[in-house]
Amino acid sequence: MKKLCILILLGLSFNATAQTPEEKGLEIANEADRRDTGFHDSTASMRMLLRNRQGEESTRDIRVRTLEVENDGDKSLTIFDSPADVKGTAFLSFTHKSGPDDQWLYLPALKRVKRISSRNKSGPFMGSEFAYEDLSSQEVEKYTYKYLRDESYDGADCYVIERDPVDKYSGYTRQVVWVDKAEYRPLKIVYYDRKNSLLKTLIFTDYRQFLDRYWRSHDMFMENHQTGKSTRLTWSNYIFKTGLTERDFDRNSLKRVR
Amino acid sequence: MCAIVFAFLAASGARHLEFSNDYRIFFSKENPQLLAFEHLQNVYTKSDNVLFAISPANGDVFTPDTLEAIRWLTEASWQIPYSIRVDSVTNFQHTYAEADDLVVEDLVPDPSSLDADELEKIRGIATTEPLLVNRLIAPDSRTTGVNVTVQLPGVNPEKEVPEVVAFSRNLATRLLEQYPELEVHLTGVVLLNNAFSEMALSDMKTLVPIMFAVIVLVLLLLLRSLAATFATLLVIILSIITAMGLAGWLGIHITPPMASAPTMIMTLAVANSVHFLVTFLQKVRGGESQRDAMLESLRINLQPIMITSLTTAIGFMSMNFSDAPPFRDLGNVVAIGVVASFLYSMALLPALMLLLPVRHRSGPGRSAPIMDALANLVVERRKSVLLFMAVLVTGLISFVPRNELNDEFVKYFDERVPFRVDTDYVTDHLTGLYSISYSLGAGEPGGISEPAYLRKLDEFANWYREQPEVKHVSTLSDTMKRLNKNLHGDDPAWYRLPDQRELAAQYLLLYEMSLPYGLDLNNQINIDKSATKLDVSLGSLSSNQTIALEARAQQWLEANAPASMQAHGASPAVMFSHIGKRNIHSMLVGTTVALVLISFVLIFALRSVRIGLISIIPNLVPAGMAFGLWGLLVGQVGLALSIVTGMTLGIVVDDTVHFLSKYLRARREEGLSSPDAVRYAFHTVGTALWTTSAVLMAGFLVLVYSPFELNSGMGLLTAITIGFALLADFLLLPTLLMALDKGESDEKTVHTDPSGSVV
């Protein structure tokens, strides 16, 4: 009886000082964001391996250049190297903390830069199981958060948080993210579609640290539970602080990219 | 007691019985058309769908109100369980040029704000867009569709399909509450699947009670004993629950064909019981004690009933050769039921008849003057009768080739079924549920952007569009033309295929990156972009028309397309088009095996090779005659009818067995001549034969009331076959015997005594 009283008292005192789940969720997201700021710019190569239910596979190779923007979303430039038909195609995007992102695509065969209607960011990226919204810069403001629980995942102590997209054109009602307590890295994200059914799971592995600070997953595996298709992203050649500037991320730069 | 315990043990398996609702169950795992279709679905996206067809009362879809209703339904349909894609005129991804940009957006984002000019503009776009017209919008703007693609996980199909259907029907109701001036029809593959299980359930609910009523009536008339009727009903009920319970233990699913199993078991169980009871009651009413009567009845009937049960079971088990698993299940379950009914009628029925009171009503034993007259006719006019039968048989059989194979799955359901009504409406007013899909290869990764490939794809699509059977063709080449136009400032002169591979590939990349959630091209393009899917929607076509159309398409591809594009069409319609033929081929083997086995049983049981061989003729001709009559009157056979020959073989043999066993008894025990033995057989079993045949025909005719055409057709043709079997046993078998069985007893006096006093 005495023990029980203490337990209740402990519980009450914990509740009195505890944040709401929303506050705690946001705090975790902010901390993750804080830990990932200040890298200025980075470049990396990525290979996509697509696989369908039949077991057929296909690959695409792209390079990504990212520029950190203060007080707004990052800018990124994606250059397509393969398949050969789209070699030289370049995709420029400005993510914003609020409002739709700006996106342009340069088509070398047409020698033109085309703006993409940015509402539609939920469609598949290059036929893969990743939507543009899964790959773009994950700004804190793009979601509302809720801390769910602590849980061990793959040997790591994690916070499990739910985040709901703010944008009404998002393809998801919610995402559940496992963030490791030690480094605030996402280890797993489960996506729920517009009718709140399990849609996809993304698993991040092979994390490597750069500049003694920034962690990047080199293996991202997305599985679509509804269609049985999957996509694996294998990253390589991460380089930070390469000296990229705003000028490397404007519409005119698209035609020059190699 | 033991029997009852066993029955209840078996029956407890019934809780494992589940209603199957997937049209694919009609196809064996190794069916080549099914494999082709599953491959297609694994490479692209599954195409199970729910299609809402909406027709406004004012006859024009393009009003703010109706478009708002469509927008609402489109939005709401994303909430349908397992939905992965929703297509309609409002969320159609309209593309156009704006300055130097490509705009990709919903064709009707906000219907309420539209003025007359904008509505006309939208109408113009929708009714000329090849992807929409005759698929999601009728050319006359009277009907439009909202198509929901559903990806069923298949983990718990018994729940998934009804869940989707219930949600969709509820959406339709909610739509009508808001917009009462609309008419909504629901069809699609999911509705088809659901109709199968609803059909099975309604068959079990309606046919089984009808059958019970028929049987009680027949039994009362035939036996004129409440006790005997009660005892027979008990045997029947135990047989059914044993068979259905064991089916549950075996993991068999209830399909519409399986739903007719209880009716069939009832029918066959009655036949077994009647033979025993008729003799028993005759003896009791003749003054014997119940115990003596029972022993005598068992002595006389045990062997023939055992043989007929065995042959009937063999006949039904021949359905295991069927290519369609539901019919294998039906055959096995009925065979179990027949064996069970044999055991119960031999073990339980006698025990019951000892316990139950039977009135010793003294009266004249039923004589059979009609049978005797018939016997005399057959004996005296044997040559004419034989000639008549020969002419009738050959005449009817000559009409067999008039039967045309047809399996149209929509027409499996008659006009009482809402699915059929709705699907017919949609076919008349919007688009067809039948389709053919092709995965056309380009020979290499990324090859679908090759101008030569796109041109060929376009030619093939255009060829298909010229075919009169075709309602709609969906192809990537149309999207390519549209993008080329959009990227050249919407200049109509550029509505043509891009002439460079890179250009086409980059258009596609741009377009794909502009598409919203759920409306991507993954359902049309494979992952390494080495093939695209071309979908053809068809009107209401027969199997032969579907096969012929696909054959013409194959000819076109062979003559015009490169090797990589040679592909066979796949779809449920193609699968069902071939199933009749495949099934007939497999059932030919099954029927032959059953025939050989049954002939061995007969030869062994009758202890005469010659008589056994003679018996094959009246066992085989009834099916031939029935199919001939069917060819004359109906002319269309399909999946269900292809199993009738094997199935009825076991039943029609019964009459032959009873007739021959009496005939041989007369020949061997009484030493009668062939004609007199015929008279004896007629006198002793004639009545029993026509009454059991009448019971059997009534039982199978009950199936005709099924709104499921596979069951009603099967019931009708089986009843006809049983009728012809009786005719063959009364007119053909005796005349054949008298012509061919000129054995050892011929020297005996040939009686022509009309009284038939040999009893």
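Per chain, numbering begins at 1; letters A, B, ... match sequence-line order. Bear in mind that the values here come from a model prediction, so they are computed numbers and not experimental data.
Heavy-atom pairs under 4.5 Å with chain B were tallied for A/Thr227, A/Leu110, A/Val113; the largest tally goes to A/Leu110. Taking chain B as the reference chain and counting heavy-atom pairs below 4.5 Å, the highest number among A/Ser128, A/Ser58, A/Gly88 is found for A/Ser58. Each of B/Leu521, B/Leu487, B/Val103, B/Leu152 has some count of heavy-atom pairs under 4.5 Å with chain A, and the biggest count is that of B/Leu487. Contact count versus chain B (heavy atoms, under 4.5 Å) is highest, among A/Gly228, A/Gly55, A/Ala84, A/Pro108, for A/Pro108. Contact count versus chain A (heavy atoms, under 4.5 Å) is highest, among B/Ile525, B/Ile84, B/Asn522, B/Leu102, for B/Asn522.
Taking 4.5 Å as the heavy-atom cut-off, the residues of residues 33-42 of chain B that approach chain A are B/His39, B/Asn42, ordered by number.
With a 6.0 Å cutoff to the six-membered ring centre and a 45° limit on the axis angle, A/Arg163 does not count as a cation-pi contact of A/Tyr145. Within the cation-pi definition used here (under 6.0 Å to the ring centroid, within 45° of the axis), A/Lys75 does not qualify as a partner of A/Phe249. Stacking of A/Lys188 on the aromatic ring of A/Trp178 is recorded, both the 6.0 Å distance cut-off and the 45° axial limit being met.
The side-chain hydrogen bond (donor to acceptor under 3.5 Å, both in side chains) analysis of residues 148-157 of chain B, with sequence neighbours excluded, yields no pairs.
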A/Ser93 vs A/Tyr132, side chain to side chain donor-acceptor pair (under 3.5 Å): CA-CA, chis, key distance, verdict: CA-CA 10 Å; A/Ser93 84; A/Tyr132 168 73; 3.1 Å; yes
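Residues that satisfy the side chain to side chain donor-acceptor pair (under 3.5 Å) test with A/Ser137, not counting sequence neighbours, are A/Glu139. The side chain to side chain contact (heavy atoms under 4.5 Å, CB included) test applied to B/Ser168 returns B/Val50, B/Phe52, B/Ile80, B/Val164, B/Leu186, not counting sequence neighbours.
A salt bridge links B/Arg482 with B/Glu129: the closest approach of a Lys/Arg side-chain nitrogen to an acidic carboxylate oxygen falls below 4.0 angstrom.
Using a 4.5 Å cut-off between heavy atoms, A/Tyr172 makes no contact with chain B at all. Contacts of B/Ser83 with chain A are made by both backbone and side-chain atoms, with heavy-atom separations under 4.5 Å. For chain B, the nearby part of A/Arg51 is the backbone; its heavy atoms alone come within less than 4.5 Å. With a 4.5 Å cut-off on non-hydrogen atoms, B/Pro498 does not touch chain A at all. Using a 4.5 Å cut-off between heavy atoms, A/Asn196 does not touch chain B at all. Contact annotation for A/Ser197: neither backbone nor side-chain heavy atoms come within less than 4.5 Å of a heavy atom of chain B. Interface remark: A/Leu107 contributes backbone and side-chain atoms alike to the contact with chain B (heavy atom separation under 4.5 Å). Proximity to chain B involves both the backbone and the side chain of A/Pro124, based on heavy atoms less than 4.5 angstrom apart. Heavy-atom distances place the side chain of A/Arg112, and not its backbone, under 4.5 Å from chain B.
With B/Asp87 as the fixed residue, the side chain to side chain contact (heavy atoms under 4.5 Å, CB included) test singles out one of B/Asn49, B/Leu131, B/Leu519: B/Leu519.
The number of heavy-atom neighbours closer than 6.0 Å to CZ of A/Arg247, taken from other residues, nucleotides and ligands shown, is 12 or below. In this structure, A/His218 places its NE2 atom where more than 12 heavy-atom neighbours from other residues, nucleotides or ligands lie under 6.0 Å away. No more than 12 heavy atoms of other residues, nucleotides or ligands shown are found within 6.0 angstrom of NZ on A/Lys146. Heavy atoms from other residues, nucleotides or ligands lying under 6.0 Å from NZ of B/Lys159 number 12 at most.
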